[in-house]
Amino acid sequence: MHEFKYINKHLYCERVRVADLAKKFGTPLYVYSYHTLIDHFAKLKDAFRQVSPLICYSVKANSNLALLKALVNKGAGLDIVSGGELFRALRVGCPAKKIVYASVGKTDEEIEEAVKRGILFFNVESLPELENINRISGKLNKTTSVAIRINPDVEAKTHKFITTGKITNKFGIDLKSAYNILLLREKFRNIRISGLHIHIGSQITKSTPYLAAITRIVGFIGRLKKEGIELEYLNIGGGLGIIYDNEKPQTAVKYARKILPLLKKAGLKIIMEPGRFIAGNSGILVTRVLYVKNTPKKKFVIVDAGMNDLIRPALYGAYHQILPLCAERYTPNAAEKVDIVGPICESGDFFAKERRLPKLKEGDFLAVMGAGAYGFSMSSNYNSRRRAEEALVVKDKVFVIRKRESCRDLIRNELIPPFLSGW
Ligand code: LLP
C-alpha cells in the first residue's frame, strides 16, 4: 500500500494535496511519503521475523539524510558502497555495527575509514581486495570482518544493466575460488571471514532466481560446515522488485514463505539489503508542463524535469506511470497519445513515449510515480541544471529535506586559473 492516492480528483501524498506542494516549492520537486517508506521497511521486517534479520537499507537507492534517519530510527542498518555513503550513514547516527560495505572498487582511503570506524563487515568482491583489506587492517592493528560476495551464476531475469549474479558480471567471486580463499583463511591474519554475501540483481519480480542462488549458497555453507569452516552471517542482498507498470512482484510475505526454509537451514544470522522495495514507491517526481508541441508525426508534452532529475527511462528504457495532479479532465475519451519529454538537449531525454494521457496544457502538473528509488540519487547537473528540491510529507505536515540548488551551488568547486583572467 502506498500513500499516494486521488481524493476528489486531486493527487494526495498522505494528507497533503501534491499540487499545493508544487505551487509552494516549485518544480521539479521530489515528494516522499514518510509512512510509505517506513511501512515498507516494517513489512519486510515482519515477513522475516522468524529469522530476525538485520535489514540494511541500500543507501544508493535514495541517500537523503532525512530518509536514512527515518529508517535508522526504526532500527534499520545501512548497506553502503562508498566513502561518501559511509559519511552519510555515520552522519545520521547509524551504529557502525549495522553497516555493511559492498563495491568492486573500494579505495585504500575508503577501506581505512571503514576499518577505523569498525563497520559490521565488508562484502569482499575479489582476492586482491581481500589482500588489501588485510594489509590495511594490519597497518591499523585491527581485525576486520568480511563476508565473501559469491557470484552464484544465476540469471535474475531483469534488465541486463542491473543483473549482477551471472559469472560474466564484474561482481563477486565464483564458488570454487571462494572455497580456495576459505581454505587459506589463516593466511589473512587481520581478517575474519565471518559470512557470505549474494546480490543477484535489482527489480527482480520472481522468487525463482533467489531460490536458485540461495539454494546454491546454502549448499555451500553446509559443505563448509562439514569441513569445520564455521560462518556467522548470510547476507542475501537486495533486489526485490516493485510495481511500476503491470508487474506482479512477489510480496514480502510470499518471498519470505519461499526462502525462509532455506534461511533456517543455513542457521546463520541473516542480513538483507533492500533499496527499491523500501524507497521506490515512497517518492514521486512532480513536474510542470512548459509547452505542448505538435509536429506532423507526434505530440510532445515538454515538462520542466529532465533526464538529469530522473535518468531511469533514458538509461534503462524504464517505465514510470505518469499521473496528472488534477485528474478533473481525465476521461478516457479525452485521452491522447503523447511523448512526455524534458528540456535537455538529448533525444533520450524522455519520461514516456506514446503514452495515453488526458489532454494537457501549459502549467498542468504531472507526477512521475515510483521515483523514490534511483531517482534523486542518480540525478546530475547535466546542462547546468540545478538539482530539484525534495520534500517529505508526514500526515498533514511537510518538511523540505533538500533545498533546490542555486546557480552558486553549480559552480561551487570550480576555479578559473589566474592566467585566463589576465593574471
Ligand atoms: N546490495 C547491493 C550489493 C547492490 O548492488 C544493490 C543495488 C542493492 C543491494 C539494492 O538493490 P535493490 O533492492 O534496490 O534492488 N539504478 C538501477 C538499480 C541499480 C541497483 C544497483 N545495486 C535502477 O534504477 O533500476
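One-based numbering, in listed order, for ligands and for the atoms of each. Just the heavy atoms: all of them, side chains too, but no hydrogens, waters or symmetry mates, feed the values below.
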Check your understanding: Has Arg387 got its NZ or CZ under 6.0 Å from the middle of the six-membered ring of Tyr30, at an angle within 45 degrees of the ring axis?
Key -> no
Exercise for review: Below 4.0 angstrom from a heavy atom of Gly275, which ligand 1 atoms are there? Numbered from 1 as shown, please.
Suggested key: 12 (P), 13 (O), 14 (O)
Revision key, fill the gap. Taking only non-hydrogen atoms of Glu273 and a 4.0 Å limit, the atoms of ligand 1 in range are 1 (N), 2 (C), 3 (C), 8 (C), 9 (C), 10 (C), 13 (O)
Check your understanding: For atom 15 (O) of ligand 1, what's the nearest protein heavy atom and its distance?
Key -> Ser202 OG, 2.4 Å
Check your understanding: Measuring from the heavy atoms of Phe277, does anything fall under 4.0 Å of ligand 1?
Key -> no
Revision key, fill the gap. Scanning both residues in full, the closest heavy-atom pair of Leu410 with Arg385 reads CD2-O, 3.8 Å
Exercise for review: Check each atom of ligand 1 against the heavy atoms of Gly238 and keep those under 4.0 Å away; list them by number with element.
Suggested key: 9 (C), 13 (O)
Check your understanding: With a 4.0 Å cut-off on heavy atoms, does Pro274 reach ligand 1?
Key -> yes
Practice item. Could you check if a side-chain atom of His320 sits within less than 4.5 angstrom of a side-chain atom of Pro313, using non-hydrogen atoms only? Key: yes
Exercise for review: State if Gly239 counts as touching ligand 1 under the rule of any non-hydrogen atom under 4.0 Å.
Suggested key: yes
Exercise for review: Assess Arg276 against Tyr244: is NZ or CZ under 6.0 Å from the centre of the six-membered ring, and within 45 degrees of the ring's axis?
Suggested key: no
Review point. If you measure from atom 18 (C) of ligand 1 to every heavy atom of His197, Lys60, Arg276, which option wins on shortest distance?
Key: Arg276
Exercise for review: Please identify each residue that fulfils ring-ring contact (aromatic ring centres under 6.0 Å, His included) with Phe171, with sequence neighbours left out.
Suggested key: none
Point to revise | ring-ring contact (aromatic ring centres under 6.0 Å, His included) partners for Phe122, two or more places apart | key: Tyr101
Check your understanding: Glu405 versus Glu389: any side-chain heavy-atom pair under 4.5 Å?
Key -> no
Check your understanding: When you look for heavy atoms under 4.0 Å from ligand 1, do you find them on the side chain of Asp79, its backbone, both, or neither?
Key -> side chain
Exercise for review: Determine the minimum heavy-atom distance between Glu113 and Leu86, stating which atoms define it.
Suggested key: CG-CD2, 3.6 Å
Point to revise | For atom 14 (O) of ligand 1, closest protein heavy-atom neighbour | key: Tyr374 OH, 2.6 Å
Check your understanding: At a 4.0 Å threshold, what atoms of ligand 1 neighbour a non-hydrogen atom of Tyr316?
Key -> 16 (N), 17 (C), 23 (C), 24 (O), 25 (O)
Review point. Which bit of Ser58 is near ligand 1, meaning a heavy atom under 4.0 Å away: side chain, backbone, both or neither?
Key: side chain
Check your understanding: How does Arg312 reach ligand 1, if at all, at less than 4.0 Å between non-hydrogen atoms: by side chain, backbone, both, or neither?
Key -> side chain
Exercise for review: Calculate, to the nearest 0.5 Å, the distance between atoms CD1 and OG1 belonging to Ile243 and Thr205 respectively.
Suggested key: 10.5 Å
**Study point:** Shortest protein heavy-atom distance from atom 19 (C) of ligand 1, along with the residue and atom involved
**Key:** Ile162 CG2, 3.6 Å
Practice item. Heavy-atom distances under 4.0 Å are what count here, so tell me which part of Arg149 touches ligand 1: side chain, backbone, both or neither. Key: side chain
Point to revise | Parallel, tilted or perpendicular: ring planes of Phe121 versus Tyr233, cut at 30 and 60 degrees | key: tilted
